[in-house]
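Computed from a prediction, not measured in an experiment: that's the story for all the values here. Each chain gets a letter, A, B and so on, in the order the sequences are listed, and its residues count up from 1.
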Protein chains: 2
Amino acid sequence: MATSPSRGRPPGLTGPALLAEARAVFLEHGYTSTTMDEVAARARISKSSLYREHRSKSALYAAVVSDWAASGRDAMRPALDRLSDDSDVERGLTQLAEAMLRAMLSPVVVEMRRLVVNEAKSQPQVAGAYLKESWDRNIAGLAEALEGMHHRGRLSIDDARAAAEDFTWLVVGGPLNSALLGVQPNPAPDRPSRSVALFLARYGVH
Amino acid sequence: MATSPSRGRPPGLTGPALLAEARAVFLEHGYTSTTMDEVAARARISKSSLYREHRSKSALYAAVVSDWAASGRDAMRPALDRLSDDSDVERGLTQLAEAMLRAMLSPVVVEMRRLVVNEAKSQPQVAGAYLKESWDRNIAGLAEALEGMHHRGRLSIDDARAAAEDFTWLVVGGPLNSALLGVQPNPAPDRPSRSVALFLARYGVH
DNA sequence: CCTACCGATCGGTAGG
DNA sequence: CCTACCGATCGGTAGG
């Protein structure tokens, strides 16, 4: 008859599941308009329990961002591996560009950026950690892939880090700006290949 | 004996001066943490007067952003004219890049972007108007300048709008991202000239 | 006795 | 123009 292996109170959310629920609340309302009452209610725990696990609202926010950044740390790894393996440099770069756009324009990623950017002034260490984990790490991964392609004679790269930044901003700069401001970017399906053409004009092997 | 030409109550701020003061308050605290009491106090007017001029907090915010976007509408005009007049294309583009960085990384511009981006979800029409006035307009101005240089045989541009976006994001993408996240971008004084070199590899006359 | 957790409420402040 | 005040809700903590 028992549908649960243990009797008594059904447990609410703790640990990573609590952080995921808190993240959803922060993304819905923003930092200031998020209430600890709503986080506790949606996690089905008391506020006392919430405060025992996270000593303050700002500490909960820092934990949410840190958990999020860690989970997305190597999000581009599969796409970078495909780039390194592709014998057609232009095709590989175009597919990477498309993958980057899909990843960075997804609603949850855009909203997380809004949240972190807005709180950068009051909680700079959180924004700094986010930048380091979610951004510098992916730039570094791309730089590594580009350098490998250079050594195999497929690209002509003098400064891999700078080239990785160039590629990233050519691809995502405009669409990300529009998305952050809440505007649906026009489809423009040729955008990735345009960006790749510009990149290869400077870094391609001629 | 009168130190003022008119007697009676010293006037508080109204109109554009009120919007400038309100803007400062919004930039200090963010939208949610800004109180109408503080705006009224700093403008030396009563809350009643404030609500008579702006019917709600969100209406005041919309007026602040609209006023700001209009005032910065043609901020890049002098720099664009210098670009068109410069006989040395590489030097002209590099100086434009430096001017764009100075303009977009100034603290007040960065903080205004943070504010508008954060409220894009709840007040999308404000963010949309900001994007149109502050961004599309400057991109269009740059596109026009690039097209003129193309017609004078100094550049080889197929799509002026796309080229203007490419240039903009190559130059400001990384530094703006760091600034929004509250990180001091490393000086990198060669960044503008690097971006120009990449741009000219594709759009220069060879 | 302990722990995990509850219902209730604190002092202050928000937009209007 | 201003004071006083509203219904509500905030982050955080009390006793048991």
Side-chain angles (χ1 to χ4, degrees), chain A residues 2 4-19 21-66 115-116 118-119 121-123 125-126, chain B residues 4 6-15 17-19 21-65 115-116 118-119 121-123 125-126:
Chain A
S4 170
S6 69
R7 294 210 257 152
R9 181 187 55 82
L13 305 180
T14 59
L18 171 57
L19 291 179
E21 192 64 43
R23 184 180 73 223
V25 180
F26 278 122
L27 293 188
E28 278 176 36
H29 303 300
Y31 181 82
T32 308
S33 295
T34 287
T35 69
M36 296 295 267
D37 282 311
E38 179 172 354
V39 174
R42 286 174 54 165
R44 298 182 302 281
I45 59 177
S46 69
K47 275 175 70 174
S48 304
S49 299
L50 176 55
Y51 273 96
R52 189 165 3 87
E53 195 157 341
H54 301 282
R55 76 170 67 142
S56 68
K57 186 183 182 183
S58 63
L60 173 63
Y61 166 73
V64 162
V65 175
S66 172
L115 178 67
V116 173
N118 193 250
E119 297 308 310
K121 197 173 186 176
S122 55
Q123 305 206 49
Q125 75 292 352
V126 174
Chain B
S4 170
S6 69
R7 294 211 255 150
R9 181 186 56 83
L13 305 180
T14 59
L18 171 57
L19 291 179
E21 191 64 42
R23 185 180 73 223
V25 180
F26 278 122
L27 293 187
E28 277 176 36
H29 302 301
Y31 181 82
T32 308
S33 296
T34 287
T35 70
M36 295 296 266
D37 280 313
E38 179 171 356
V39 173
R42 286 175 53 167
R44 298 182 301 282
I45 60 176
S46 69
K47 276 173 70 174
S48 307
S49 300
L50 177 56
Y51 273 95
R52 187 166 5 86
E53 194 158 341
H54 301 281
R55 76 169 66 149
S56 67
K57 187 184 181 183
S58 63
L60 174 61
Y61 165 73
V64 162
V65 175
L115 178 66
V116 173
N118 193 249
E119 298 308 311
K121 197 172 187 177
S122 55
Q123 306 206 50
Q125 76 291 355
V126 174

Hits for side-chain hydrogen bond (donor to acceptor under 3.5 Å, both in side chains) against A/E53, two or more places apart or cross-chain, chain-then-number order -> none
Per-residue pairing states of DNA chain D in dot-bracket (Watson-Crick or G-U under 3.5 Å; . unpaired, | other strand) read ....||...||.|.||
For residues 29-50 of chain A, the ring pair (Phe, Tyr, Trp, His ring centres under 6.0 Å) pairs (sequence neighbours left out) are A/F26-A/Y31, A/Y31-A/Y61
What residues 22-30 of chain B contributes to the DNA chain C interface at heavy-atom separation below 4.0 Å is none
Quiz prompt | Sugar-phosphate, base or nothing in reach of A/T34, heavy atoms under 4.0 Å | solution = sugar-phosphate
Between CD of A/E38 and P of D/dG11 the distance, given in whole Å, is 10 Å
Closest non-hydrogen atoms of A/A24 and A/R42, given as atom of the first, atom of the second and distance, are CB-NH2, 3.8 Å
Those residues at least two apart in sequence (or on a different chain) that pass salt bridge (Lys or Arg N to Asp or Glu O under 4.0 Å) with B/K57 are none
Give every pair of a protein N or O atom and an N or O atom of nucleotides 12-16 of chain D that lie under 3.5 Å apart, one pair per line with the distance.
residue : atom : partner : partner atom : Å
D/dG12  : OP2  : A/Y51   : OH           : 2.8
D/dG12  : OP2  : A/K57   : N            : 3.1
D/dG12  : N7   : A/K47   : NZ           : 2.7
D/dG12  : O6   : A/K47   : NZ           : 2.5
D/dA14  : N6   : A/S48   : OG           : 3.4

Note to self: Does D/dC1 have its OP1 or OP2 closer than 4.0 Å to a side-chain nitrogen or oxygen of B/R52?
What the structure shows: yes
- Could you work out the separation of D/dA8 and C/dG12 based on their P atoms and round it to a whole Å? 23 Å
Residue pair A/I45/B/Y31 against DNA chain C: nearer the 5' end by closest nucleotide is A/I45
Please report the distance separating the C1' of D/dC6 from the corresponding atom of C/dA14, rounded so that it comes out in whole Å. 12 Å
*asked:* Are the side chains of A/L19 and A/H54 in contact, using a 4.5 Å heavy-atom criterion?
replied: yes
